[in-house]
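Remarks on the structure that follows.
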Amino acid sequence: MTDERNNLEDREGRMILDDLGRIGRAIDREKYPGVAWQRYEQPRRRRILRIVFPAVATAAAAAVVLLVAASFMNAPNKRQRIEDNQTVRKDAGTRQTYSDAPMDWSIPTDMAPSAATCMIFEVPQFSLITTSGADPTDEDSVEWSLPSLSLPVMPDADAGWESLNDA
Amino acid sequence: MPPERNEQNRLMDAAASGNDDAFGALALACQDRLFRFALAHGLGNADAAEATQETLLRAYQGRSNWRVGSNAMSWLYGIAMNVVRERWRSRARQKSAAIDVESLQISADEGAPEDQDARERLGLLSEAIGFLPPRQREAVACRYLRQMSVHETALVMGCAEGTVKAAVFAALANLRKTMAKY
């Protein structure tokens, strides 16, 4: 029994040594990947990168700063455009307010009428004329006409205000 | 054809006296062996390549410490041993230092395993080596994977020959015990 165990241990021991030899011979076939000078070139490339990369990074950072600065410089213009738009809208509202306000066509009382400035308008009469058989409520068939628009009657400068009244 | 040992010593003598061309020739002659040394100690291909580069760089920087008459290859292996140890120390979390058997080309004409069981056995043995204590692992790698003598192994590991023998004996016992479980 003891002899068998010794033989077994020997056989296992030899097998381990054989396997170690196989691994060792397999390692013997491995080659260093790359010759020495190529490996030594790598640090040089790294040095170049260490010089070039900060320069590129600095330039990129400067470009970003310039872009940000330009956007800030454009910002007042944008605000101005917004203010302009608000002004336009404000003006439009004002005009709308003016147009909505009732118009005062009366002659101011403190303004003395004179023959040179006074003009009398005949208020034009608008009339709705519809073609025969047309529906008055239909906008397409309705024609608006301005039948009589009298030109303003200028007072005779020689005749004066009284003569106009007489007429 | 790599230069002979005495040629390597001569190149290292010249490199130590300031001849950079001599050191370049020595590096070209020794780089494959240093790479295999790192592989045998469980580093992967990329790590082993970096360890080789680091070893040659340290040798160049420390060429003034070279003592004329020493063995250049043993001196380089000693530097490589320190580099490998530092790499493992920096990866303290990675406990296993198994050799990547799958990546090695084990050819049939040199007794490669024919069946899947034998290939698995090689993988298990590699795993078992990786889990050995560091000194035993180094002794096995130097003695059986790099076929170094006890004297050279002691020089590389920086210990006495008796320590190497004891480490090898304990390592084989541990490997036998581990492999018996499978």
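First the proteins, then the strands, lettered A, B, ... as listed; each starts at 1. In this text the structure is predicted, and so the values were computed from the model without any measurement.
Neither the backbone nor the side chain of A/D18 comes within less than 4.5 Å of any heavy atom of chain B.
By the 6.0 Å contact criterion, CZ on B/R135 is open, its count of non-hydrogen atoms from other residues, nucleotides or ligands being 12 or less.
Rounding to the nearest 0.5 Å gives a distance of 10.0 Å between CD1 of A/I27 and CZ of B/F35. Rounded to the nearest 0.5 angstrom, A/I23 CD1 and B/L122 CG are separated by 5.0 Å.
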Name every donor-acceptor pair, under 3.5 Å, that has one atom in a side chain of residues 154-174 of chain B and the other anywhere in the protein, sequence neighbours excluded.
| unit_1 | atom_1 | unit_2 | atom_2 | d |
| --- | --- | --- | --- | --- |
| B/E161 | OE2 | B/H151 | ND1 | 3.0 |
| B/N174 | ND2 | B/Q136 | OE1 | 2.8 |
| B/N174 | ND2 | B/A170 | O | 3.4 |

Verdict with reasoning, B/R121 to A/M15, per side-chain contact (heavy atoms from CB on, under 4.5 Å): CA-CA 10 Å; B/R121 195 180 67 243; A/M15 192 180 289; 3.5 Å; yes
Worked verdict on B/R143 versus A/L20 for side-chain contact (heavy atoms from CB on, under 4.5 Å): CA-CA 10 Å; B/R143 286 282 290 128; A/L20 286 173; over 6 Å; no
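A donor-acceptor pair is defined here as one N or O able to donate and one able to accept, closer than 3.5 Å; no such pair exists between the side chain of B/R36 and the backbone of A/K31. Under the 3.5 Å distance criterion, the side-chain polar atoms of B/D32 are matched with a main-chain donor or acceptor of A/Y32.
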